[in-house]
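Shown next, in structure tokens, is the structure this report addresses.
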Amino acid sequence: MINKQIQKIKTSYMNYFKIKGDDIQIIITDDMYNCQKKYGFTETDQKILNEAAAKANWNHVAACMKYPKTMDEPFTLIFKEPYLRRVGEAELYRLVFHELTHYVDYKDYARIHNLSSYRELFASQQTVLFQNWSEYHAERRGYGAYLKHRHGVRLKFDPTPKKIKIMEDETLKNMLYYAEHYCHAEEYGNARQIYFTMHLLSRISIWLQILPYQVEEILTNQIFKYRGMDWIKKLLHLFLKYPTLDQMDPHFMEMLRIIAESMTLTQEEVFEHAASLDALDEIIF
């Protein structure tokens, strides 16, 4: 039953975004850690793996995307069955749309950079910026699908009382949660702060489409008190100005500059912190 639901959502995604081809395999498991290791790790990776630390990082993982070891193999989307069984349809849409967007992004990145292997992604430090931008892009599509199937919200300008109430009841609290808890570097580290900032930005960007004046007021009042709103505004402006990967790809160094300035890090430190997440192992809560 769950597999049929996921396949249905996948078909909906592919049709809506006009994605051609289907080099994807979907795995549903109750052992996310060992499953992702099977599909995402080479023998060399497994030999140098810190098993205890890696297992701890996978305690709350509900889904992930694994790129193929060769360009001829399929991508693998892995979903945690116990989690899928306890959530509603809207959350399934969010999860599947999120992971499929990573799939699309990695395929596009390989096309743009003429890669002959997905391992070549790591030949350049700039890859970690792409990976974190993909978190923004994936959660934007996933959250948009969630709003549609949970609340019937269409992603267009619509300042009706119903939409404002939905934002206040659910999304504003969600934004505050990201900003006040997960985004504090002293508690979670700079790498996690960058990761969750991408998710925070995705939610803000969605609501800017629907309720631009209300969200602008929230941003202007600096309700988050989160390392200054300039960082949020600058990144948001950059991402909205260049909404597709083809458009954004030449501007990843600008993204790096904004992050480095806001966190008072050198550009090398930003690369180091961002890379330490191993962003290929997307953690979806």
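- Residues Tyr83 and Glu91 come closest through the heavy atom pair OH-OE2, 2.6 Å.
- A heavy-atom distance below 4.5 Å is not found between the side chains of Ile19 and Leu100.
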Exercise. Assess whether side chain to side chain contact (heavy atoms under 4.5 Å, CB included) is satisfied between Arg203 and Glu139, documenting all intermediate values.
Key: CA-CA 8 Å; Arg203 285 159 169 75; Glu139 189 59 13; 2.9 Å; yes
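- Of the N and O atoms on the side chains of Tyr13 and Thr101, at least one donor lies less than 3.5 Å from an acceptor on the other residue.
- Using a 4.5 Å heavy-atom threshold, the side chains of Lys162 and Lys165 count as separate.
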Self-check item: side chain to side chain contact (heavy atoms under 4.5 Å, CB included) between Met14 and Ile24, worked out
Solution: CA-CA 11 Å; Met14 297 302 218; Ile24 301 171; 3.4 Å; yes
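- Residue Leu236 holds its CG atom at 10.5 Å from CD1 of Ile258, rounded to the nearest 0.5 Å.
- Closest heavy-atom contact between Ile2 and Arg85: CD1-CG, 3.2 Å.
- Two rings, from Tyr106 and Tyr118, have their centers 6.0 Å or more apart.
- Rounded to the nearest 0.5 angstrom, Arg140 CZ and Phe239 CZ are separated by 11.5 Å.
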Quiz prompt | CA sep, side-chain torsions, deciding dist, call: Asp30, Lys80, side chain to side chain contact (heavy atoms under 4.5 Å, CB included) | solution = CA-CA 5 Å; Asp30 60 359; Lys80 187 174 185 178; over 6 Å; no
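- For the residue pair Tyr39 / Gln25, no side-chain donor-acceptor distance below 3.5 Å is found, with atom types taken as modelled.
- Here the side chain of Glu120 pairs a donor or acceptor atom with the backbone of Ser116 at under 3.5 angstrom.
- Among residue pairs with one or both ends in residues 143-154, none qualify as salt bridge (Lys or Arg N to Asp or Glu O under 4.0 Å); sequence neighbours excluded.
- Side-chain contact between Gln214 and Glu168 is absent, with no heavy-atom pair separated by less than 4.5 Å.
- Of all heavy-atom pairs spanning Met198 and Asn132, the tightest one is CG-O, 3.1 Å.
- Listed here is the closest heavy atom pair of Cys35 and Ile27: SG-CG2, 3.5 Å.
- Note that CG of Leu147 and NZ of Lys163 are 10.0 Å apart. Values are rounded to the nearest 0.5 Å.
- Seen from the ring of Phe97, Arg141 does not count as a face-on cation partner, given the 6.0 Å and 45° thresholds.
- Judged by distance alone, the side chains of Gln131 and His102 never bring a donor and an acceptor atom under 3.5 Å apart.
- Separation of atoms CG (Leu238) and CZ (Phe252) is listed at 9.0 Å; rounding is to 0.5 Å.
- A donor-acceptor contact shorter than 3.5 Å links the side chain of Thr244 to the backbone of Gln247.
- Counting heavy atoms of neighbouring residues, nucleotides and ligands inside a 6.0 Å radius, atom CZ of Phe17 exceeds 12 of them.
- Aromatic ring centres of His98 and His199: separated by under 6.0 Å.
- Closest non-hydrogen pair, Leu240 versus Ser205, comes out as CD2-CB, 4.0 Å.
- Between the Glu73 side chain and the Thr70 main chain, a donor and an acceptor come within less than 3.5 Å of each other.
- At least one side-chain heavy atom of Leu77 sits under 4.5 Å from a side-chain heavy atom of Phe79.
- Within the 4.5 Å cutoff, side-chain heavy atoms of Phe75 are placed close to those of Met65.
- Side-chain polar atoms of Lys66 and Gln36 form a donor-acceptor pair below 3.5 angstrom.
- Within the 4.5 Å cutoff, no side-chain heavy atoms of Leu95 are placed close to those of Ile9.
- Residue pairs that meet the salt bridge (Lys or Arg N to Asp or Glu O under 4.0 Å) test with at least one member in residues 102-113, sequence neighbours left out, are Asp23-Lys107, Asp108-Arg111, Arg111-Asp246.
- The salt bridge (Lys or Arg N to Asp or Glu O under 4.0 Å) contacts involving residues 1-15 comprise Lys8-Glu89, Lys10-Asp22, where partners must be two or more places apart or lie in separate chains.
- Put simply, NE2 on His149 and CZ on Arg94 are 13.5 Å apart, with the number rounded to the nearest 0.5 Å.
- Side-chain contact between Glu216 and Leu208 is present, with heavy atoms from C-beta onward closer than 4.5 Å.
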Exercise. Begin from the C-alpha positions of Asp249 and Phe130 and carry the test side chain to side chain contact (heavy atoms under 4.5 Å, CB included) through to its verdict.
Key: CA-CA 8 Å; Asp249 189 67; Phe130 153 70; 5.8 Å; no
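- Cys64 places a side-chain heavy atom less than 4.5 Å from the side chain of Ile78.
- The distance from the CD1 atom of Ile28 to the CG atom of Asn3 is 4.5 Å, given to the nearest 0.5 Å.
- Taking the centre of each ring, Tyr93 and Tyr146 stay at or above the 6.0 Å mark.
- Side-chain heavy atoms closer than 4.5 Å link hydrophobic residues (I, L, V, M, F, W, Y) into clusters, and following such links, possibly through other members, connects Val87 to Tyr143.
- Among all heavy-atom pairs drawn from Ser117 and Met71, the shortest one is CA-SD, 3.6 Å.
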